[in-house]
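Comments concern the structure below.
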Amino acid sequence: MRPAQQEDTDMSSDLSSPATQTFEIRPSAHPRSLAQRRQALTDLAFGTVFTDHMARATWTAERGWSDRRVEAYGPLSLDPAAAVLHYAQEIFEGLKAYRHEDGSVWAFRPELNAARFAASARRLALPELPEADFLASIDALAHTDVEWVPSSPGSTLYLRPFMFASEAFLGVRPSRQVEYLLIASPSGPYFTSGFSPVSIWVAEGFHRAGPGGTGAAKCGGNYAASLLPQQQAADNGCAQVCFLDAATETYIEELGGMNMFVITRDGAVHTPELSGTILEGVTRRSILQLVADDGREVHERPITLAEVKEGVADGTITEVFACGTAAVVTPIGTLKGTDFDLTVGDGSAGPVTEDLYTHLTDLQFGRRADDYGWMRRLV
Ligand code: COI
């Protein structure tokens with residue numbers, strides 16, 4: 001088993017920090033065989049296959065973070081009274097490891113995920129995991145399970161860090177014991193259709209988040225709240241649900257698990273502003289930078305459903321797309337609600353959406369120079 005420390009290479013300066021040595025590697029006694037791994041890496045779906053190991057650390061109010069380790073992937077032993085099972089004190093992140101043509105493995109802006117994880121922890125009254133530990137866990141797991149990083153086109157190793165309240169206690173207060181875990185899933189595209197337009201259902205009467213709530217945090221509860229309206233979306237032939245603001249049901253906010261952008265005929269780019277109820281996506285932030293540097297007008301602002309409907313109907317809005325780590329950039333071809341069914345443009349992916357998809361994925365897979373310094377080498 002290779003140690004979780006990078007060998008000396010010209011690109012490894014930030015990998016040799018002491019933090020990369022803090023996750024002790026305890027190799028699985030039952031790693032899958034080469035044949036089993038090859039089989040598991042064939043025809044990858046999203047989030048259904050998991051690697052041989054997981055990274056882990058434990059926090060207690062008395063000791064802080066300890067027991068940083070990488071161990072065999074497997075079921076957790078949890079007391080039925082564990083607070084997370086009752087009060088949903090839990091947060092998570094999503095990022096990917098990309099295999100480049102030369103075999104090296106890279107992450108895209110993982111320090112932003114570390115910062116958001118810390119912000120989510122604060123909102124959910126969980127302990128913050130230091131950035132160095134977050135990054136070290138990724139380095140350690142990527143080294144340990146490097147053979148699980150797929151190289152088939154468009155596939156990645158999806159990384160899922162999460163943290164939950166593990167104290168056995170039924171009183172409602174922040175847990176005094178917490179587990180941090182990082183699991184990894186070799187994955188294909190989030191939408192089985194890949195880069196092709198999806199339909200969106202605009203939810204009525206259901207909201208993902210309200211003012212002062214947890215909408216800006218990446219916590220399981222937000223996603224639990226999205227499941228029933230997401231089911232309604234599916235019942236109406238749509239791939240994703242779009243939520244309006246809870247206070248007025250006027251403004252579009254975000255989709256069940258991704259942010260949303262609108263392109264107008266003048267080439268300007270619009271996305272809902274960060275109002276406290278929207279998750280700040282790493283992909284959203286990166287796209288804002290790319291389009292601004294491309295000389296486009298950028299508007300982070302409240303966007304009403306009425307103007308989107310009107311703009312799509314009269315052609316002022318030429319493109320709509322979703323974005324996120326899992327979704328990357330996904331064109332939206334149809335917008336539906338209880339009393340409307342609108343096709344965006346001619347229903348196919350527009351040029352701005354396609355350019356952004358290509359730009360981002362070329363950068364992430366090492367087919368384009370990393371002018372922004374966004375990529376971090378893992379292996
Ligand atoms: C991501 O894009 O990584 C997400 O977390 C969205 C979804 C898979 C929950």
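Heavy-atom basis, side chains included; hydrogens, waters and symmetry copies ignored. In this text, all values refer to a predicted model and were calculated from it rather than measured experimentally. Counting convention: from 1, in listed order, for ligands and their atoms alike.
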Review point. Under 6.0 Å from the six-membered ring centre of Phe169 and within 45° of its axis: does the NZ or CZ of Arg173 meet both?
Key: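 Pair Arg173/Phe169 counts as cation-pi.
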
[X], any N or O under 3.5 Å of ligand 1 N or O:
X: Tyr190; answer: no
X: Phe46; answer: no
X: Tyr223; answer: no

Review point. Which bit of Lys96 is near ligand 1, meaning a heavy atom under 4.0 Å away: side chain, backbone, both or neither?
Key: neither

Review point. Under a 4.0 Å heavy-atom limit, does Lys218 contact ligand 1 with its side chain, its backbone, both, or neither?
Key: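 For Lys218, only side-chain atoms sit under 4.0 Å from ligand 1.
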
In ligand 1, which numbered atoms sit nearer than 4.0 Å to a non-hydrogen atom of [X]?
X: Phe92; answer: 5 (O)
X: Gly257; answer: 6 (C)
X: Tyr158; answer: 1 (C), 3 (O), 4 (C), 5 (O)

Review point. Do we see a donor-acceptor contact under 3.5 Å between the side chains of Glu300 and Thr271?
Key: no

Exercise for review: Go through the structure and list residues passing side chain to side chain donor-acceptor pair (under 3.5 Å) with Glu307, not counting sequence neighbours.
Suggested key: Arg301

Check your understanding: Under 4.0 Å between a Lys/Arg side-chain N and an Asp/Glu carboxylate O for Arg367 and Asp362?
Key ->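 Yes.
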
Exercise for review: Look at ligand 1 and say whether Arg160 reaches it with a heavy atom at a distance under 4.0 Å.
Suggested key: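 A heavy atom of Arg160 does come that close to ligand 1.
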
Exercise for review: Check whether any side-chain heavy atom of Phe261 lies under 4.5 Å from a side-chain heavy atom of Thr353, and answer yes or no.
Suggested key: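 Contact flag for Phe261/Thr353 side chains = no.
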
Practice item. Applying ring pair (Phe, Tyr, Trp, His ring centres under 6.0 Å), run through Tyr180 and Phe117 and close with a yes or a no. Key: CA-CA 11 Å; Tyr180 165 71; Phe117 199 52; 5.8 Å; yes

Point to revise | Identity and separation of the nearest protein heavy atom to atom 2 (O) of ligand 1 | key: Ala326 N, 2.8 Å

Practice item. Carefully, step by step, assess Val308 and Ile303 under the rule side-chain contact (heavy atoms from CB on, under 4.5 Å). Key: CA-CA 8 Å; Val308 174; Ile303 301 174; 3.6 Å; yes

